[in-house]
Amino acid sequence: MVADFSKNSRRTTWFILFSAIPILIFFYTFFQFVSNIPFQDDYDALLDPVTRFTKLTPFSLPEFIKILWTQDDERRIVVDRLVAIFTYSILHKLDLRLQAFLGLLSLLGIFYLFYTIIRDGKLPIRLVLVCSLLLFHIQYYETIFWAMIPLQHVVVYFFVLLSSFYLYSKKPSSLITSLIVAIFAILSDVSGTFILPVGLLLLLLQHRWKHTIIWALVIGGMVFLYYQNFAVPSFRPKLSDNLQRPDLIIGRILVASGLSFDPNTVLPSAVRIGLVMAVGTVLWGIVIYYGFMLVKSAFTRTGTTFARWESTLWGGLFHFSITLLALAVGRAIEGIDPLLISRYKHIGFIWLILIILLVAGKLKPIAQLTFSKALLVISSGIFLFSYFYYLAPLDFYYKDRYTDIYGWKTSRSIPSTPIYISLRSGIDTVTTQAIEAGVYQLPEHYFFEGPYQEKKDVIQLKTEHLGGHTLSFVNDSFTRSFGKKNGAFIILKSNAQRQIISTQQNRNSLRLFLSSFGQNYYANGFSGVLTSKFLLNDQTYNVFVVEIDGDKKNLYPTNTQIETGKDSLKIVSL
């Protein structure tokens, strides 16, 4: 039987309760691994604006607007900066953990809007659990734990869906609400400007001519203001260069569209990309077919009549279609591989959920039940795979953030962010000023710091100087116990400098993990990398390994020593 939320209240309650489990696991994991440490764009996007705000004495509205409006990379992030300044004004410090958490609350808003589509469209209630499983996991951990991203690149989709939610009604109050929410979408991220064609299309399909004109004037004016004096950074590829590679554009849009079925390194690279592109092709085929049927229906005398859930659904689909196209075209010449990272996975999953709800709404009741049951199995598998496969990278990401800020604190270097090598002085200035102004406070405790228990056993490292400036360290025998602070850290120590490098522990296969009933997650061995440009010239670095196991901190010598010259580096095996 298709979901009837009034007649099947007990069943509905159970599915909603089950849907809360992935949400609770998601936020539990968030609080376990979140850190108050800036990363890459956080420095100039959040630390610098809040620090500048503290110096507005007396307060100046034009200067305040300038702080909010100043372009960050290829976007304006007014909402992100407003929230940062607001929370600083209350707490008298910028807490990047709170910044990320507030942004992630928009996932609950997105989930609620999915729930309204299922409820109002009378779709099977088990789809509520499917949506929860596909939305609340850690495949996109880089988005979750990067302080500025949730209030930029997650909240924008909530505002877009909410704006579309109100566009079904012809009431002036609904249009005004939709316009206000759409402006918030625009002020969140550059992808928010795509709400302009989305709203126009939804209104035109309904033959609401007056509202279309109002939308074009208000939102069009806001988009024009957004792009006023807008400059594409010099380090981004030019549009003309991107358009010369239609093959990469097509490949990127298919890959970005099928990211929800990315098996990562479980499969060989060619097979992996082929699978993702195949899924992306199928999903686009569904949207194009039903989109054509929708547009065709608008050629009637009265146009298309949207129910509220249909307006929300199609608004999201239109917006993601444009977003995926922009993502494909904007950096086409960078190729396909940069899309296959955790950073973009949430886009693929929200896109998938919207298409699932679209297909479910087109099926007959019996087919809907079969469809929802199959999806429950698939989404459960994806959810479990996400936590199994991405927990190890998240563990490394957590440690990398701490060694990152520790490296800045002790030697004014940022080992995990080599893109900032050329901007080191600027990052130095931003961070120092933020600390002096009381905006940001460095962590007081680093769990990998001494005192250490010195050991005599030598740990074997395979150390290589790879192409460019990358130093690679590999060990095949080290074992670690489970625990987010446990594991190995590499120390490079000379008379003038000490560098600490986080390592990524190897992980067992899913088969071995299951055969051990969940006991053997980590496998033997680890790897770590460092950009050699962070090392000083004319130094001899002794290389050590720190083992952390609960309260134990053991320091082991290794078989490696590194000697640096003015423009040279030599690896010595001891």
Side-chain angles (χ1 to χ4, degrees), residues 29 32-40 42 96 138 141-142 144-147 341-343 389-421 442-450 452 459 461-464 466 469-493 497-507 521-535 541-550 552-556 558 560 562:
T29 305
Q32 285 296 304
F33 287 95
V34 68
S35 58
N36 187 28
I37 297 173
F39 182 69
Q40 293 190 8
D42 289 338
L96 298 172
I138 59 170
Y141 65 89
E142 290 178 345
I144 298 167
F145 294 96
W146 190 342
I341 60 174
S342 170
R343 169 75 172 76
Y389 197 91
Y390 288 88
L391 187 60
L394 173 58
D395 175 89
F396 171 73
Y397 186 75
Y398 170 78
K399 292 181 171 69
D400 211 26
R401 298 286 279 272
Y402 272 92
T403 55
D404 185 59
I405 201 68
Y406 183 80
W408 181 88
K409 179 181 179 181
T410 58
S411 61
R412 292 298 191 268
S413 63
I414 313 176
S416 69
T417 52
I419 66 168
Y420 279 131
I421 289 177
L442 289 167
E444 296 179 355
H445 173 68
Y446 297 89
F447 51 87
F448 44 77
E449 275 194 309
Y452 306 123
I459 289 184
L461 285 180
K462 180 182 178 182
T463 306
E464 293 183 285
L466 305 178
H469 302 278
T470 301
L471 271 171
S472 169
F473 305 89
V474 177
N475 171 273
D476 297 323
S477 59
F478 180 87
T479 59
R480 62 162 285 188
S481 56
F482 202 80
K484 69 177 184 178
K485 294 181 180 179
N486 293 341
F489 292 83
I490 297 171
I491 296 180
L492 275 64
K493 189 176 187 304
Q497 187 188 44
R498 183 175 72 158
Q499 288 280 9
I500 294 186
I501 309 165
S502 56
T503 67
Q504 183 159 0
Q505 186 78 22
N506 295 335
R507 184 194 60 248
Y521 181 74
Y522 287 112
N524 292 344
F526 61 75
S527 60
V529 295
L530 175 71
T531 300
S532 60
K533 279 191 173 183
F534 290 115
L535 300 180
Y541 289 89
N542 293 311
V543 182
F544 303 89
V545 169
V546 172
E547 174 195 29
I548 298 181
D549 187 5
K552 299 178 182 178
K553 297 179 182 179
N554 299 319
L555 182 69
Y556 294 89
T558 71
T560 297
I562 297 173

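Everything numeric in this text was worked out from a predicted model, so none of it was measured.
The shortest heavy-atom contact between Val543 and Phe473 is CG1-CE2, 4.5 Å. The two residues Gln505 and Phe478 come nearest to each other via the heavy atoms NE2-O, 3.1 Å. Of all non-hydrogen atoms in Tyr452 and Leu555, the two that sit nearest each other are CB-CB, 3.7 Å. Of all heavy-atom pairs spanning Ser472 and Leu466, the tightest one is CB-CD1, 3.8 Å. For Ile548 against Lys553, the heavy-atom pair with the smallest separation is CG1-CG, 4.4 Å. For the residue pair Gln32 and Tyr398, the shortest heavy atom distance occurs at O-CE1, 4.3 Å.
Atoms OG1 and CG, on Thr560 and Leu461 in that order, are 5.0 Å from each other to the nearest 0.5 Å. Residue Tyr556 holds its OH atom at 11.5 Å from CG of Asn475, rounded to the nearest 0.5 Å. With values rounded to the nearest 0.5 angstrom, Ile501 atom CD1 is found 11.5 Å from Ser527 atom OG. Between the OH atom of Tyr541 and the CG atom of Leu530 there is a distance of 9.0 Å, given to the nearest 0.5 Å. For the atom pair Ser532 OG and Leu471 CG, the distance stands at 5.0 Å (nearest 0.5 Å). Remark: Tyr522 OH to Arg507 CZ distance equals 9.5 Å, nearest 0.5 Å.
Of the residues Phe447, Phe39, Phe489, Phe33, the one that meets the ring pair (Phe, Tyr, Trp, His ring centres under 6.0 Å) test with Tyr402 is Phe447.
Asp476 places no side-chain N or O within 3.5 Å of a backbone atom of Gly525 that could act as its donor or acceptor partner. Between the side chain of Asn486 and the main chain of Phe482, a donor-acceptor pair closer than 3.5 Å is present. For Asn524 (side chain) and Thr479 (main-chain N/O), no donor-acceptor pair under 3.5 Å exists by modelled atom type.
Side-chain rings of Tyr406 and Phe448 approach one another, their centers coming within less than 6.0 Å.
For the pair Ser411 and Arg498, the minimum side-chain heavy-atom distance is 4.5 Å or more. Contact check for Ile500 versus Tyr446: no side-chain heavy atoms found under the 4.5 Å cut-off. Looking at heavy atoms from C-beta onward, Gln499 lies in side-chain contact with Leu535 at the 4.5 angstrom threshold. Counting heavy atoms from C-beta outward, Leu391 and Tyr521 have side chains that approach closer than 4.5 Å. No side-chain heavy atom of Ser35 sits less than 4.5 Å from a side-chain heavy atom of Phe145.
With sequence neighbours left out, the salt bridge (charged side-chain N to carboxylate O under 4.0 Å, His left out) criterion links Arg480 to Asp395. In this structure Tyr141 satisfies the side chain to side chain donor-acceptor pair (under 3.5 Å) test with no other residue, sequence neighbours excluded.
Within a 6.0 Å sphere centred on NZ of Lys493, heavy atoms belonging to other residues, nucleotides or ligands number 12 at most. Annotation for Lys462: atom NZ does not count as buried by contact number, only 12 or fewer foreign heavy atoms lying within 6.0 Å. More than 12 heavy atoms of other residues, nucleotides or ligands sit less than 6.0 Å from atom NZ of Lys484.
No donor-acceptor contact under 3.5 angstrom links the side chains of Glu142 and Tyr397, judged on distance only.
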